[in-house]
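Being a predicted model, the structure only gives us computed values, none of them experimental.
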Amino acid sequence: MKKLILTFAALAVCTGAFADEGMWCINAINSALEKNMRARGLKLKARQIYDADAPGAQLSDAVVSLDFGCTGSIISAEGLLITNHHCAYSDIHSLCTEQNNYLEDGFYARSEAEEIHIKGKGAYFLKQVLDVTDEVNNLRDSLVAAGKPAGGRRISSLMEKAYSRNGLEAGLYSMWSGSKYYIALYKVYKDVRLVAAPPVCVAAFGADIDNWEWPQHKCDFAVYRVYCAPDGEPAEYSPFNVPLESEGQLKVSRKGYKCGDYAMVIGYPGRTNRYSSSAKNRLDQTVKNPIANKLRGQQMSIITEWMEADPAVRLKYANYFFSLSNVQELYSGEVECIDRFRVIETKQEQEKELQEWIERSGKADKDLLKRLDKTYQAVVDAQRNTCYYRETLIRGTRMGRIVNAINNLKTDVMQKRGIRTKRGNDPGDVEAQEQCYNCYTFVGKDFDNLGEKLDKEYSQIDLRVEKDLFSYAVKEYYSNVDRKFWGQYQTTLADSYGTDKSGCEAIAGHIWDGSFLTDTARKDSFLSEEHSLCEMCSDPLVRFFKDVQILSFNQAISDAEGDENLLNLDKEYTRALYNMRNDRGVLQYPDANSSMRLTYGTIGPLDSKDAVRCSHQTTVKGILEKYRPAIYDFSLKEPLPGLYAGIESMPVDFICDCDITGGNSGSPVMNARGELIGLAFDGNKESLAGDVYYTPGYNKCVCVDIRFVLWIMEHYMGADRLLSEINFAD
């Protein structure tokens, strides 16, 4: 094929400009917002970005949600979809074997026949957004009047069912805690296939060390293809499906950008809490996040030690560790940034204005802020205990998932045998129920399904790693969760062994060595015999996990709240803040909630701290400067070092001040004409208070330059067939 011509210039010094904060609903680009965007440099009309009633395709038609976890965009007439490598990470990991390690070696399908279907993956194309606020309010009123349930789930179920028709799926979105409601209509394609992904040394160069940092040097991309039935309609996977002839496609720019240029991101940001109160932020800052950061940091250390010692462990735990480290660094950075940028103090000043508005307007309870503060202080102890429980026994070790498989066996067998699983009014039913639950003998065929589930769980873990994680979880649980929450079995163990370091180690050893679930040979032997449910549930590991439940912790929080309800108070606060700004004519956007949003800004440098300025762009030269063959996170596969040596000035990543969050990963970054210039893949460390507060000048969107993506596809992967079908700009 004809070689691509990519243009890039040397780095230039430029000054930054502050963006207009906001993750704006794609359907709510009014004239005032359009005017602001055009003042920043936009060359398009708002109706060219989104207009459900206009003929032809708009930019939004080419932007896709990948199961509302990441964003992608269509870049060819044959359904080619580009997103981030880290969005595809779990899919790639699921395909890996010791013989074909697609994470380490990369993957490229040289024909459509080699493209691999990803089971369960869906691509959601937004077709229309409707304002249904009045309809939702009327529905709620009618349900209440009829004495029927009228909660959020019930409302969503009825509304989505009513609007899901003509091959479209509906999703109801609450904005500003019910101040507005939108219905989004999607066409959903379930046949999505992996086409190409570079190795992690390319896609994640610098790995966790560079995560949330600037500068970075990652080529974070992967390519899927969306397939459909021969008639163009969505269909489940079939070998007879064909590539989607998408009406909406983005044009890919090979000309790049310069510092100061307009940039725009369309995507599906997952969640923000910028309408949260200072009281809620203080609880997260002083209780929840520090606990999660401490425990997850140590868990990462345990896993890292094993991964460095055994490549097989690295392969098994790569996806799990990736998710764990990303969240841990996010929470750690959030704690630091909330302190650095005095977010809580800023919100407290904002709340003084809110209190004055409430007293003047009478549009909210004048004691709302006092009630919020008092209730959040009241739940601190209960929340602390809950956090430690969640971070140790729920997610501190994956052995809990194996225990859950045991617990689910009861229900499975009861259903197969036609035995009721809910107690009736007849005492005989109760007696039969107790007999089934406690004394029913499980024979080999009953274990078939359990064995399959357990084998799947064991295939994803290493029991040596889990033993260390479990021992750490036991120590932290006993050291930090109040005794009143311990179950009877946990209390007996604590009284027998003690809860100092040696005592917790003894408890963990007693449980681990005595369980049939912690050794595959013991597990296989146990499942080959007949056992009652009592025998299974008396296993020490099962007893330890089942001895206490999240319901106990939830009840403690509810008791601490007293007559108040924090969820309702938070909603009242959000509505009050929204109404105050609305009264003042302030252009505002709702918190992110996985609906399609647009954000815009400017490509420019980062002044991270006094006397420290980072350019808006990195180059291949930076990869070679960081390259260390003996350090995994900074190593490169051959022949990359030699290839890179000839293109040191090629741009790799760039930053702009578009307002993004989780869910925006993979989002297209476009220029003033709506052409694709990069993919959003990260934020910077200084932006990590962005979940609750936007800090002008510091919130940056880290993007991979599409020209570097194209270079890797051509010169390293040899992906000529993909390059030949990409929709390039003139």
Side-chain angles (χ1 to χ4, degrees), residues 5-24 29 33-46 48-49 59 62-63 73 75 82 214-217 219-221 250-267 597-608 613-619 622 649-660 664 667-684 687 696-711 727-730:
I5 300 176
L6 305 175
T7 61
F8 51 94
L11 294 178
V13 176
C14 75
T15 58
F18 289 168
D20 294 329
E21 167 193 352
M23 301 176 192
W24 305 94
I29 307 175
L33 181 58
E34 181 180 8
K35 181 179 179 181
N36 291 346
M37 294 166 65
R38 291 182 67 81
R40 290 289 184 186
L42 177 67
K43 304 299 183 183
L44 305 175
K45 298 288 187 180
Q48 294 175 277
I49 298 172
L59 290 183
V63 182
S73 51
I75 56 171
I82 192 165
W214 183 254
Q216 290 199 54
H217 298 83
C219 193
D220 195 350
F221 83 96
L250 294 185
K251 292 183 177 180
V252 177
S253 172
R254 290 171 287 191
K255 295 181 179 179
Y257 48 82
K258 63 180 183 298
C259 188
D261 278 357
Y262 175 90
M264 176 172 63
V265 171
I266 299 177
R597 304 295 181 95
L598 175 146
T599 175
Y600 65 96
T602 305
I603 296 171
L606 169 66
D607 294 309
S608 60
R613 164 164 286 207
C614 296
S615 171
H616 69 287
Q617 187 181 80
T618 60
T619 65
S649 62
M650 172 169 280
V652 173
D653 297 334
F654 66 95
I655 54 172
C656 58
D657 45 16
C658 294
D659 190 5
I660 66 163
N664 273 122
S667 292
V669 184
M670 293 166 279
N671 61 21
R673 295 172 296 280
E675 298 165 348
L676 185 69
I677 59 173
L679 306 175
F681 73 85
D682 205 358
N684 58 311
S687 74
Y698 291 96
N699 279 55
K700 297 290 183 176
C701 171
V702 182
C703 320
V704 57
D705 193 308
I706 198 64
R707 292 171 294 177
F708 190 47
V709 170
L710 296 172
W711 188 92
N727 182 26
F728 287 108
D730 295 333

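Counting heavy atoms from C-beta on, the side chains of Q617 and D653 never come closer than 4.5 Å. Residues Y600 and W24 meet the side-chain proximity criterion, which asks for heavy atoms closer than 4.5 Å. Counting heavy atoms from C-beta outward, Q48 and L59 have side chains that stay 4.5 Å or more apart. Side-chain contact between L679 and D220 is absent, with no heavy atoms from C-beta onward closer than 4.5 Å. For the pair V252/I706, a side-chain contact is recorded, criterion being any heavy-atom separation below 4.5 Å from C-beta on. With a 4.5 Å cut-off on side-chain heavy atoms, C219 and V709 count as touching. For the pair V702/F654, no side-chain contact is recorded, criterion being any heavy-atom separation below 4.5 Å from C-beta on. For the pair R707/P651, a side-chain contact is recorded, criterion being any heavy-atom separation below 4.5 Å from C-beta on.
Side-chain atoms of E34 come within 3.5 Å of backbone N or O of A46 as a donor-acceptor pair. For T599 (side chain) and G22 (main-chain N/O), a donor-acceptor pair under 3.5 Å exists by modelled atom type. For the pair T602 (side chain) and G604 (backbone), a donor-acceptor distance under 3.5 Å is absent. Using modelled atom types, one side-chain atom of K700 and one backbone atom of P605 make a donor-acceptor pair closer than 3.5 Å. A distance-only check finds a donor-acceptor pair linking the side chain of N684 to the backbone of Y698 [under 3.5 Å]. Remark: the backbone N or O of D659 is not paired with any side-chain donor or acceptor of N699 at under 3.5 angstrom. Remark: side-chain polar atoms of N664 are not paired, donor with acceptor, to backbone N or O of S667 under 3.5 angstrom. A donor-acceptor pair under 3.5 Å links the side-chain atoms of R38 to the main chain of L44, judged by distance alone. Panel note: side chain W214, backbone S615; a donor-acceptor pair is recorded below 3.5 Å.
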request  = Carefully, step by step, assess L598 and M37 under the rule side-chain contact (heavy atoms from CB on, under 4.5 Å).
outcome  = CA-CA 11 Å; L598 175 146; M37 294 166 65; 3.6 Å; yes
inquiry  = For a side-chain contact (heavy atoms from CB on, under 4.5 Å) check, start with the C-alpha distance between I677 and S253, then their side-chain angles and the critical distance, and finish with the verdict.
reply    = CA-CA 6 Å; I677 59 173; S253 172; 4.1 Å; yes
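Taken to the nearest 0.5 Å, the OH atom of Y257 stands 8.5 Å off from the SG atom of C703. Atoms CZ and CD, on F681 and Q216 in that order, are 4.5 Å from each other to the nearest 0.5 Å. With rounding to the nearest 0.5 angstrom, the CD1 atom of I82 is 6.5 Å from the OG atom of S73.
Annotation: cation-pi pair R254/F728 present, NZ/CZ under 6.0 Å from the ring centroid and within 45° of its normal.
The two residues A680 and V669 make their nearest non-hydrogen contact at N-CG2, 3.5 Å. In terms of heavy atoms, L606 sits closest to G697 at CD1-O, 4.0 Å. Of all heavy-atom pairs between I660 and C701, the closest is CD1-SG, 3.6 Å.
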